[in-house]
Amino acid sequence: MAATCARALSKVGRHFLESQSCRNSNISSLAQRVSLQGSSRAYGSGGSAKYRSKTLFSTPLRGGRAFGCAFLIGGGLGLYQTIKLSVQQHFAEEQIKTSKGAVKLTLYQYKTCPFCSKVRAFLDYHGLPYDIVEVNPVMRKEIKWSTYRKVPILMVDGEVQLNDSSVIISSLKTYVVSKEKTIPDILKCYPEMKSINEKGKEVTEYNNKYWVMLSDTEAEQLYPEKDSRKEEIKWRRWADDWLVHLISPNVYRTSEEALASFDYIVREGKFGAYEGFFAKYVGAAAMYLIAKRLKNRHNLQEDVRQDLYKAVNDWVAAIGKKKKFMGGDHPNLADLAVYGVLRVMEGLQAFDDMMENTKVKSWYRRMEKAAQNHEGQT
């Protein structure tokens, strides 16, 4: 566009300097002619630059070389301002893109952790690129810089730290949907609260962590159906408070399953040679015993598979036969949470049994496809 403007101005300048009529011109006559004929075309949308120039100077004009030079100088200044404005607009647009769409995300995780898997499911579905730092579950030196010692941790642009899987997901969903809020502003909506539990240990909780912070207009667009927002929050809580507690008792149900599970954990995790050997055999034995305690703590049946089957079938029944997902035609945050939790069992006996003995298979494959194809990308 700038090159076209420059060529047009050069043609006009040469016309002034070379025209015979310009040598005997009267400047006041020229000014009158330009004001009467030129102004009607100056801001018109029709016709090319060549056509507009011809119309502007179709009547013989009188002036000297000085006026031609003045016109070139004026045109040059006009061109400079046009290019300057264009460049400023370009950089403004790039700045907006950077502030809203090009954040650098780094996820600190254990691959086999269901809470970390929830966050990955969200990021994958929405097509948000991210780097992964696999944390050694023994030494945790990768997060020694953080006072928050759990995973997942998500760093935004290397400066803003997001803790807790549900806070991470709610914050990022707010960021993706909202047109105005920044990540630091959004985090203020999820205040951190510390307390002492019944064992005397300090615990950290976050207010509002299942809420996506939107304006009324944005909320109506994201949750068009009545009570859909309430249902999303309900099942996100269910995934954290119930479903996730069924994973360990099922994947460590027997000594053989515990050993197979830790073999998978060691292969997928970040362990040294000695740590891997120790984790596989000693860890498997320990988790087999812990799984028994978890079964009693959560009042599970003797055959914990039955609790898993019931929970998964309850989820499928809540979706209903007329919908593809809890969110309707597209997954919502509850779909992504449940999918993320169940996904950590892939490759293990508990997962195969669940797929064979429940009605979850069709929904799960749809979710798998949606996440892999980044169907939520905007």
Side-chain angles (χ1 to χ4, degrees), residues 89-108 115-116 118-131 148 152-193 204-237 239-240 325-340 367 370-371 373-378:
Q89 183 178 1
H90 169 75
F91 279 115
E93 289 174 354
E94 289 300 313
Q95 189 174 13
I96 291 171
K97 288 181 182 178
T98 300
S99 65
K100 288 301 292 181
V103 291
K104 178 177 173 57
L105 304 176
T106 304
L107 178 64
Y108 292 80
F115 297 106
C116 298
K118 281 170 49 186
V119 175
R120 291 199 311 272
F122 175 88
L123 295 172
D124 292 340
Y125 173 70
H126 286 89
L128 299 173
Y130 60 99
D131 296 324
Y148 184 81
I153 294 173
L154 187 75
M155 291 300 297
V156 180
D157 292 331
E159 297 179 353
V160 182
Q161 180 176 342
L162 281 69
N163 306 324
D164 187 277
S165 62
S166 293
V167 171
I168 292 171
I169 291 169
S170 294
S171 299
L172 289 181
K173 186 64 176 181
T174 302
Y175 180 74
V176 168
V177 175
S178 175
K179 307 302 181 186
E180 300 175 355
K181 299 183 180 72
T182 64
I183 293 291
D185 289 336
I186 293 167
L187 276 181
K188 295 175 184 177
C189 300
Y190 306 100
E192 181 181 282
M193 296 184 63
T204 303
E205 194 52 79
Y206 296 88
N207 277 348
N208 311 319
K209 67 180 182 179
Y210 297 109
W211 277 86
V212 181
M213 300 300 175
L214 305 174
S215 67
D216 291 341
T217 301
E218 291 166 342
E220 288 175 4
Q221 293 175 349
L222 187 61
Y223 305 106
E225 296 183 10
K226 184 181 178 181
D227 295 331
S228 58
R229 189 177 200 173
K230 191 180 297 183
E231 283 294 295
E232 179 184 81
I233 292 173
K234 169 188 171 181
W235 288 101
R236 287 181 70 190
R237 287 183 185 275
D240 286 353
F325 306 99
M326 178 64 74
D329 291 334
H330 307 283
N332 65 10
L333 298 186
D335 287 291
L336 292 168
V338 174
Y339 170 69
M367 283 300 307
N373 294 338
H374 314 304
E375 291 182 7
Q377 190 170 21
T378 56

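Hydrogens, waters and symmetry mates play no part in the numbers below; they use all other heavy atoms, side chains included.
Atoms OH and CD1, from Y190 and I168 in turn, are 12.0 Å apart once rounded to the nearest 0.5 Å. Taking CG of D164 as the start and CD of E205 as the end, the distance is 6.5 Å to the nearest 0.5 Å.
Of all the heavy atoms in L162 and S171, the pair that sits closest is CD2-CB, 3.8 Å. Nearest heavy-atom pair, P184 versus V160, reported as atom, atom and distance to 0.1 Å: CG-CG2, 4.1 Å. Closest non-hydrogen pair, E218 versus S215, comes out as OE1-N, 3.0 Å. The shortest non-hydrogen separation linking Q161 to L187 is O-CD1, 3.9 Å. Between A334 and M326, the closest heavy-atom pair is CB-CG, 4.4 Å.
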Verdict with reasoning, W211 to R229, per side chain to side chain contact (heavy atoms under 4.5 Å, CB included)
CA-CA 9 Å; W211 277 86; R229 189 177 200 173; 3.3 Å; yes
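No side-chain heavy atom of V338 sits less than 4.5 Å from a side-chain heavy atom of M367.
Taking D335 as the reference, nothing meets the salt bridge (Lys or Arg N to Asp or Glu O under 4.0 Å) condition, with sequence neighbours excluded. Remark: P129 pairs with no residue by the side-chain contact (heavy atoms from CB on, under 4.5 Å) rule, at least two apart or across chains.
Screening residues 118-127 for side-chain hydrogen bond (donor to acceptor under 3.5 Å, both in side chains), with sequence neighbours left out, gives Q109-R120, K118-S165, K118-S166, K118-D240, D124-Y130, H126-K173.
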